[in-house]
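Quantities reported herein were computed from a predicted structural model and do not represent experimental measurements. Just so it is clear: chains get the letters A, B, ... in the order the sequence lines come, proteins before strands, and each one is counted from 1.
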There are 2 protein chains.
Amino acid sequence: MSETDDRLQRYLEDELGECRDENLQERLDELDELESTLDGDIVSSDVQTLSALGNETRYRLVRLLVEADEPLCVCELTPLVDVSNSAVSHALSTLSDAGLVTKRKEGRWRKYRATSRASALLTVLDGSR
Amino acid sequence: MSETDDRLQRYLEDELGECRDENLQERLDELDELESTLDGDIVSSDVQTLSALGNETRYRLVRLLVEADEPLCVCELTPLVDVSNSAVSHALSTLSDAGLVTKRKEGRWRKYRATSRASALLTVLDGSR
DNA sequence: TACTTATCTGAACGAGTCTGCAATTGAAGC
DNA sequence: GCTTCAATTGCAGACTCGTTCAGATAAGTA
């Protein structure tokens, strides 16, 4: 066996010996590249959005704000969910960081409103069930 | 002051004295009803879906599966993300419980594929940025 | 049969999250 | 000024999560 054959042999063993077949390997390389160019900021912003909504208290608050269709304050929201007003305030600030609600000062109150991103997500959840 | 006036007085203090105004109170009662009829199963299934996707490893796996557009196995996915194959397996099983991927036995491998719910969610995230 | 590869499972540990409490800020009204 | 109500903040305790490690299972191969 020539040296070239030998190297080819090792190449084939390395690349094709196990779970990856020929055609797929190319495709996986493409995916790998795609993975590495996927902007890390986008990933973490999406993950932040999803995990903000992936909590029962926060999910219910967002549903309420979307359905209310008018801005509500902490003191209005608290009786509608089963946690303290402090927890509601914490929750809303997490949601605000994630871009799912906006806050507006209004006299003595701070009125929260769901963003379009929030209602788009709920719409997809409802529509893909 | 008559007894009726007295009761009315107390009513007004209870209902209108603080952060809720008249019209809104009605609206809030509606929301409260809506809240309580919101099926708890739907809430927890949505929350499960969102929190499954709200984690970097799992989010990247789903993105890869959506973009691959063909079923991939653990051993193909592991090199594309930065965790052990055991972690990938755990992650995929979480995603499977959440209805974001499906699993199919294929010889020695188990091939995972993203569900339409998964790609719908990613589409909305991309489209509402 | 034993051996290898792919995957899964359970335990364990550290890290992170959620909530309530108490104290604080800020705005309005007396 | 003081009081009240709304909301926030910091903190502590309980709980949950994500990962790795080690061991088990299962399917194909020699």
Practice item. Can you check whether any acceptor in the base of D:dC21 is under 3.5 Å from a donor in the side chain of B:Ser84, or vice versa? Key: no

Practice item. Looking only at side-chain atoms of B:Val74, point me to the closest of C:dT7, C:dT19, C:dC21. Key: C:dT7

**Study point:** First of A:Ser51 and B:Lys103 reached from the 5' end of DNA chain C, by closest nucleotide
**Key:** B:Lys103

Review point. Between B:Arg27 and A:Asp69, does at least one N-O distance fall below 4.0 Å, as a salt bridge requires?
Key: no

Study note, to complete from the structure: The residue, A:Asn55 or A:Ser86, whose nearest nucleotide of DNA chain C is more 5′ is A:Asn55

Review point. With a 4.5 Å heavy-atom cut-off, do A:Glu70 and B:Leu24 have their side chains touching?
Key: yes

Study note, to complete from the structure: note: B:Arg110, atom CZ; D:dT25, atom P; distance rounded to Å ~ 13 Å

Exercise for review: When you get a sec, tell me which of C:dT19, D:dA7, C:dG26 is the closest nucleotide to the side chain of A:Trp109?
Suggested key: D:dA7

Practice item. Give one of base, sugar-phosphate or nothing for A:Arg108, where a contact means two heavy atoms less than 4.0 Å apart. Key: base

**Study point:** Salt-bridge present (B:Arg117, B:Asp46; N to O < 4.0 Å)
**Key:** yes

Revision key, fill the gap. When rounded to whole Å, the CD to C1' distance for the pair A:Glu56 and D:dC15 reads 16 Å

Exercise for review: Would you classify A:Ser93 as touching base, sugar-phosphate or nothing, given that sugar-phosphate means primed atoms plus P, OP1 and OP2, and contacts are heavy atoms under 4.0 Å?
Suggested key: nothing

Check your understanding: Looking for any heavy atom pair under 4.0 Å, which part of the strands does B:Lys111 touch: base, sugar-phosphate only, or nothing?
Key -> nothing

Practice item. For the residue pair A:Glu76 and A:Lys111, establish whether any side-chain heavy-atom pair is separated by less than 4.5 Å. Key: yes

**Study point:** Separation of D:dT20 P from B:His90 NE2 (nearest whole Å)
**Key:** 10 Å

Point to revise | Nearest-Å distance for atom pair NZ/P, residues B:Lys105 and C:dC8 | key: 10 Å

Check your understanding: Within the side chain of B:Arg58, is there an N or O that forms a donor-acceptor pair under 3.5 Å with the backbone of B:Ala52?
Key -> yes

Point to revise | Interatomic distance, B:Leu92 CG vs D:dT19 P [rounded to whole Å] | key: 12 Å

Check your understanding: Reckon A:Tyr112 has a side-chain N or O less than 4.0 Å from the OP1 or OP2 of D:dA6?
Key -> no

Exercise for review: Measure from the side-chain heavy atoms of B:Ser89 and tell me the nearest of C:dA27, C:dT9, D:dT8.
Suggested key: C:dT9

Review point. B:Leu61 CG to D:dG18 P: how many Å, rounded?
Key: 13 Å

Exercise for review: Would you indicate what B:Asn85 reaches in the nucleic acid, counting non-hydrogen atoms under 4.0 angstrom: base, sugar-phosphate, or nothing?
Suggested key: base

Practice item. May I have the distance from B:Asp97 (atom CG) to C:dC8 (atom P), rounded to whole angstrom? Key: 12 Å

Check your understanding: Taking OP1 and OP2 of D:dG18, is either one under 4.0 Å from a side-chain nitrogen or oxygen of B:Arg58?
Key -> yes

Check your understanding: Quick one: A:Asp82 CG to C:dC18 C1', roughly how many Å, whole number?
Key -> 14 Å

